[in-house]
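Have a look at the structure that comes next, please.
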There are 2 protein chains.
Amino acid sequence: MPSSTVENYLKRIYLEEQAAPGAAVVSMKNLAGVMGVTPGTATSMAKSLADSRFVAYEPYGGVKLTARGRTLALRILRRHRLIECFLVDALGLDWSEVHEEAESLEHAISDKLLDRIDEFLGFPSVDPHGDPIPNAKGAIRQAALTPLTEAEEGAEVRVARILDQDEDFLRFVDRHHLRPGTRARVLVNDRAAEALTIQTGKLPAVTMGRTAAAKIMVEGPRP
Amino acid sequence: MPSSTVENYLKRIYLEEQAAPGAAVVSMKNLAGVMGVTPGTATSMAKSLADSRFVAYEPYGGVKLTARGRTLALRILRRHRLIECFLVDALGLDWSEVHEEAESLEHAISDKLLDRIDEFLGFPSVDPHGDPIPNAKGAIRQAALTPLTEAEEGAEVRVARILDQDEDFLRFVDRHHLRPGTRARVLVNDRAAEALTIQTGKLPAVTMGRTAAAKIMVEGPRP
DNA sequence: ATACTCTTTTTGACTAATCAAAAACCACCT
DNA sequence: AGGTGGTTTTTGATTAGTCAAAAAGAGTAT
């Protein structure tokens with residue numbers, strides 16, 4: 001039974017691999033950064049993950065999940081995201097605050113309880129942030145989405161996923177009614193100014209910078 | 001922030017103190033036994049709990065919770081029991097299987113979420129086994145109960161609490177409809193034979209031994 | 001009080017996870 | 001080739017929690 005530390009490393013490695021689909025491996029510096037540990041710790045953990053065959057690791061070559069490691073990472077991610085759904089749907093917690101809570105519960109919940117929750121929720125396919133939930137077999141299916149920065153001016157889009165779990169950012173998104181599921185119109189997308197203006201229904205339009213817009217994934221004008 | 005290991009020790013010490021109200025302290029042998037560790041480990045943990053002022057400890061003198069230690073123990077117990085309620089009431093898990101699950105979730109849940117659950121459940125005062133739930137301030141209130149072994153023959157009793165969390169025993173109780181809340185009549189209480197026969201409604205009567213009956217707490221014929 | 005038994009403590013060792021700081025290595029740029 | 005800057009690895013230490021086995025202490029029976 002892998003410790004929750006190991007589970008966290010694998011989850012982060014998976015997320016880093018997803019975040020930078022170009023890079024084949026995750027560097028020690030990167031890993032140490034996202035895990036909040038020193039590079040030396042990342043190295044020794046990389047070795048021990050490799051010993052357990054969760055990652056491929058070559059000295060100076062970074063880490064890369066093996067099939068076995070990815071399976072476990074997806075299992076944790078599934079737990080995390082189902083728990084988020086549950087906290088929001090069943091207990092009415094705010095979607096901006098469930099991430100932290102799920103972060104600890106994901107290591108403590110049994111498979112049995114998780115399945116019960118999955119059933120209770122009606123087998124959801126995405127969590128409250130729009131992140132896809134791996135199924136019990138570890139398969140993950142996500143519709144092709146584009147960052148808001150790519151949207152044409154005048155386009156009608158549907159917010160599908162928010163890529164940042166930071167509470168402040170989520171509250172900003174919430175305040176302007178840009179939660180996943182919302183339809184909105186892109187009024188301005190000024191690439192030179194790196195600013196974008198978007199409007200939901202009859203609400204006042206919001207203008208945000210490029211980096212903020214890049215964290216909001218949308219479905220195009222029509223598929 | 002105490003580790004979950006420390007939380008578990010304090011919880012067990014509290015429960016042992018309750019289980020043997022006569023003994024003023026919990027011995028190392030006892031503690032090692034219930035925690036499933038060697039006596040040496042119990043000793044070194046006792047010292048470290050004493051350093052943190054959770055228990056009073058004198059060499060060869062056993063441990064005894066301080067006010068501080070009891071407060072923390074009751075906090076864990078509150079978590080444990082509210083979680084059990086929640087799993088049964090909100091997710092329909094069987095009361096015989098929630099103990100183990102709560103055992104790990106109790107260390108992972110935040111105070112905020114726990115309060116939300118408490119509210120969701122309508123501030124229950126006992127868990128599915130009839131164990132009293134400490135309130136947010138750590139106060140615990142339990143009606144005076146008597147073990148079934150003390151019941152008079154012919155008495156009508158109300159099952160109030162089951163003192164054993166073992167899955168098999170709980171399933172036995174369940175099978176014979178002796179869950180907390182049930183009214184039943186004591187048909188035979190033969191102290192010499194150490195056997196007791198009890199009947200719920202029109203169901204077939206059940207006969208059990210003294211030790212089993214001692215784990216079932218009831219409210220008297222009338223208060 | 002003496003011996004015997006049971007409990008408790010001590011000692012030494014081990015694993016997992018971490019840090020700080022030194023050393024080694026890699027890649028790139030003249 | 002040689003140096004330089006940044007990354008990675010190594011080394012040595014630390015903390016929490018554990019065990020096995022030896023040593024010490026307490027209590028009881030004769």
Side-chain angles (χ1 to χ4, degrees), chain A residues 1-13 16-17 19-20 22-65 69 72-73 76 103-104 106-108, chain B residues 1-13 16-17 19-20 22-65 69 72-73 76 103-104 106-108:
Chain A
M1 199 89 322
S3 68
S4 60
T5 305
V6 166
E7 291 186 344
N8 279 329
Y9 273 91
L10 295 177
K11 183 180 63 172
R12 294 314 307 189
I13 293 169
E16 289 307 304
E17 286 185 353
V25 298
V26 177
S27 72
M28 292 305 113
K29 192 193 180 197
N30 187 186
L31 184 55
V34 296
M35 289 301 297
V37 298
T38 59
T41 302
T43 297
S44 77
M45 196 57 181
K47 283 181 188 170
S48 112
L49 292 175
D51 286 348
S52 312
R53 314 172 110 293
F54 288 129
V55 301
Y57 164 73
E58 286 299 328
Y60 300 95
V63 290
K64 185 170 171 359
L65 289 177
L72 185 47
I76 309 308
E103 206 67 22
S104 66
E106 68 190 8
H107 308 293
Chain B
M1 201 87 319
S3 69
S4 60
T5 305
V6 165
E7 292 185 343
N8 279 330
Y9 274 91
L10 294 177
K11 183 181 63 173
R12 294 314 307 190
I13 292 169
E16 289 308 303
E17 286 184 354
V25 299
V26 177
S27 73
M28 292 306 112
K29 192 194 180 197
N30 186 187
L31 184 55
V34 295
M35 290 300 299
V37 298
T38 60
T41 301
T43 298
S44 78
M45 196 57 179
K47 284 182 189 171
S48 111
L49 292 176
D51 286 348
S52 312
R53 313 167 109 295
F54 287 129
V55 301
Y57 165 74
E58 286 298 328
Y60 299 96
V63 289
K64 184 172 174 351
L65 288 177
L72 186 47
I76 309 309
E103 207 67 22
S104 67
E106 68 190 7
H107 308 293

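If you're wondering where the values come from, they're calculated on a predicted model, not measured in any experiment. In the text below, chain A, chain B and the rest are named by the order of the sequence lines, each starting its count at 1. Any value given below was found using the heavy atoms of this structure, including those in side chains, with hydrogens, waters and symmetry copies removed.
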Interatomic distance where CZ belongs to B/F54 and C1' belongs to D/dA16 [whole Å]: 15 Å

Interatomic distance where NZ belongs to B/K47 and C1' belongs to C/dT8 [whole Å]: 10 Å

Spacing of B/Y57 atom OH relative to C/dT7 atom C1', expressed in whole Å: 11 Å

Distance, nearest 0.5 Å, that separates NZ of A/K29 from OG1 of A/T38: 14.0 Å

Contact under 4.0 Å: B/Y60 side-chain N or O vs C/dC6 OP1/OP2: no

Short side-chain to backbone donor-acceptor contact, B/S4 and B/H107, under 3.5 Å: no

Student check: side-chain heavy atoms of B/L49 and B/V6 closer than 4.5 Å: yes

Length of the CD-C1' vector between B/E58 and D/dG25, whole Å: 15 Å

Distance in Å, A/T43 OG1 paired with A/M45 CE, rounded so as to fall on 0.5 Å steps: 12.0 Å

Atom pair CD/CD1 of B/E17 and B/I13 - distance to nearest 0.5 Å: 7.5 Å

Positions of residues 28-45 of chain A (non-hydrogen atom under 4.0 Å from DNA chain D), listed by number: A/M28, A/K29, A/P39, A/G40, A/T43

Residues in contact with DNA chain D, drawn from residues 1-12 of chain B - heavy-atom cutoff 4.0 Å: B/S3, B/T5, B/Y9

Ionic contact status for B/K11 with B/E16, cut-off 4.0 Å: no

Inter-residue atom distance A/Y60.OH - A/S27.OG, 0.5 Å rounding: 14.0 Å

Side chain to side chain contact (heavy atoms under 4.5 Å, CB included) assessment of B/V25 paired with B/Y57: CA-CA 9 Å; B/V25 299; B/Y57 165 74; over 6 Å; no

